[in-house]
Amino acid sequence: MGSFNTSFEVSFILVGFSDWPQLELLLLVFISVFYSLTLFGNVTIITLSQLDPRLHTPMYFFLSHLSFLDLCTTSTVPQLLINLQGHDRTISYGRCVVQLFFVLALGSTESVLLVVMAFDRYAAVCRPLHYTTIMHPHLCRALAISSWVGGFTNSLIQTGLMMAMPLCGRRLNHFFCEMPIFLKLACEDTGETEAKMFVARVIILVFPAVLILGSYAHIAQAVLRIRSMAGRRKAFGICGSHLLVVSLFYGSTIYTYLQPTGSYSDSGGKFAALFYTIITPMLNPLIYSLRNKDVKGALWKVLGRGRHSD
């Protein structure tokens, strides 16, 4: 198949799950439900963090950013729902590049933000007497901004490398524009490009994961020095939610982005992408709210206020 000039007028066909027609209706129902729960859960977390003064803390400041990221990450879902109904499966090269850029940017930003949240938990458990001094509002804002800038910079680099490659074929075996699929469409040897992307991915995925593991190693040591069981349970409660979110995020993204293109499975990649674009954003609010008395208390307070106003 010959190569073509990647102009913004070129269109791709998103295969989606059309190779499993028996699953499309089931996926349509489940994804619609999960998408609705994602919107409701993350909007609720952001709203509560703004309305309840008890949640005006660094932890919930960063959690609001995470919820906003999750809302943005699900921006590919409406297109998937249209795709599952068998309607227009085409997408222009320009839209594809924009989608790829924002998917990479949001994922990279979340990776850095999870490190920031791990640092916040480290300060809360290991330096409780100095916590308010360490996690000053100015530092929290600077860390949040750095997460966004770092994520978008990484995406700009990887998207630029992709745009420089000539492509052969217009059939994308995915439900959105994903980097491993583009690499499989490349007409030329992608070894050098993949090496550069691998370095960028190690910096944005592996390095943050190592930092998080290091911070939780220190947290575990600090918790084991706590004599009372009640104190240990409180410390584990502070960190348990974040560790679960970290495991869900890094497990699916490392599977997708750190394996060689030659061993990348189109089917496995699609289901992994379902996990980190739909399942994880839906679970994050549930993980934090169900395991957190402050969030549940804020929710009941807001609901009670609404009933009184009626």
Exercise. Start with the C-alpha distance between L244 and L283, add both sets of side-chain angles, then the distance that settles side-chain contact (heavy atoms from CB on, under 4.5 Å), and finish with yes or no.
Key: CA-CA 10 Å; L244 187 54; L283 290 177; over 6 Å; no

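- No single ILVMFWY cluster, assembled from side-chain heavy atoms under 4.5 Å apart, contains both L258 and I203.
- When hydrophobic clusters are built by joining Ile, Leu, Val, Met, Phe, Trp and Tyr residues whose side-chain heavy atoms come closer than 4.5 Å, directly or via intermediates, Y250 is grouped together with F275.
- In this structure a side-chain-to-backbone donor-acceptor pair under 3.5 Å is present from Q79 to F175.
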Practice problem: Apply side chain to side chain donor-acceptor pair (under 3.5 Å) to the pair K184 and N173, showing each step before the final yes or no. | Solution: CA-CA 10 Å; K184 296 185 78 169; N173 194 3; over 6 Å; no

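- Put simply, the side chain of L100 does not reach to within 4.5 Å of the side chain of Q158, judged on heavy atoms.
- Using a 4.5 Å heavy-atom threshold, the side chains of F62 and C140 count as touching.
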Self-check item: Pair D266-E178, side-chain contact (heavy atoms from CB on, under 4.5 Å): steps then yes or no
Solution: CA-CA 11 Å; D266 292 343; E178 180 78 298; over 6 Å; no

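- Ring planes of F182 and F12: perpendicular class, angle over 60° (limits at 30 and 60°).
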Practice problem: Apply side-chain contact (heavy atoms from CB on, under 4.5 Å) to V245 and L66, showing your working. | Solution: CA-CA 10 Å; V245 169; L66 180 64; 4.3 Å; yes

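- Remark: the backbone N or O of G107 is not paired with any side-chain donor or acceptor of S111 at under 3.5 angstrom.
- Screening Q99, M162, R95 for a side-chain contact (heavy atoms from CB on, under 4.5 Å) involving C177 leaves a single residue, Q99.
- With contacts defined as side-chain heavy-atom distances shorter than 4.5 Å, the pair P78/Y35 qualifies.
- Less than 6.0 angstrom separates the ring centroid of F101 from the ring centroid of F152.
- Between the CG atom of L25 and the CD atom of Q85 there is a distance of 10.0 Å, given to the nearest 0.5 Å.
- Here the side chain of T159 pairs no donor or acceptor atom with the backbone of L156 at under 3.5 angstrom.
- Neither F40 nor V43 shares a network with the other; the hydrophobic side chains, linked directly or stepwise wherever heavy atoms of I, L, V, M, F, W or Y lie under 4.5 Å apart, form separate groups for each.
- With rounding to the nearest 0.5 Å, the separation of CD1 in I278 from CZ in F30 is 12.5 Å.
- With values rounded to the nearest 0.5 angstrom, Q50 atom CD is found 6.0 Å from S64 atom OG.
- A distance of 9.5 Å separates OG in S18 from CG in L84, rounded to the nearest 0.5 Å.
- For H56 and Y60, the distance between ring centers is not under 6.0 angstrom.
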Practice problem: Kindly indicate, with the supporting measurements, whether the criterion side-chain contact (heavy atoms from CB on, under 4.5 Å) is fulfilled by M197 and Y257. | Solution: CA-CA 9 Å; M197 288 184 176; Y257 289 102; over 6 Å; no

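- Under the 4.5 Å side-chain heavy-atom criterion for grouping Ile, Leu, Val, Met, Phe, Trp and Tyr, V103 is connected to V98 within one hydrophobic cluster.
- A single hydrophobic cluster is not seen to contain both I279 and Y255; linkage of ILVMFWY side chains at heavy-atom distances under 4.5 Å, directly or through other members, places them apart.
- Considering V112, L113, L69 in turn, L69 is the only one that fulfils the side-chain contact (heavy atoms from CB on, under 4.5 Å) rule with W148.
- Salt-bridge annotation for R89 and E24: present, with a side-chain N of the basic residue lying under 4.0 Å from a carboxylate O of the acidic one.
- Checked against the 6.0 Å centroid threshold, F271 and F17 count as a close aromatic pair.
- Classification of the F176-H174 ring pair by plane angle, with boundaries at 30° and 60°, yields perpendicular.
- Judged purely by atom type and a 3.5 angstrom limit, N42 has no side-chain atom pairing as donor or acceptor with the backbone of F68.
- T47 contributes atom OG1, which lies 12.0 Å from atom CG of D52 (distance to the nearest 0.5 angstrom).
- Aromatic ring orientation, H218 versus Y122: perpendicular (interplanar angle above 60°, classes split at 30° and 60°).
- Dense packing is recorded around CD of Q22, with more than 12 heavy atoms of other residues, nucleotides or ligands lying under 6.0 Å away.
- Separating the CG atom in L143 from the CZ atom in R141 is a distance of 11.5 Å, to the nearest 0.5 Å.
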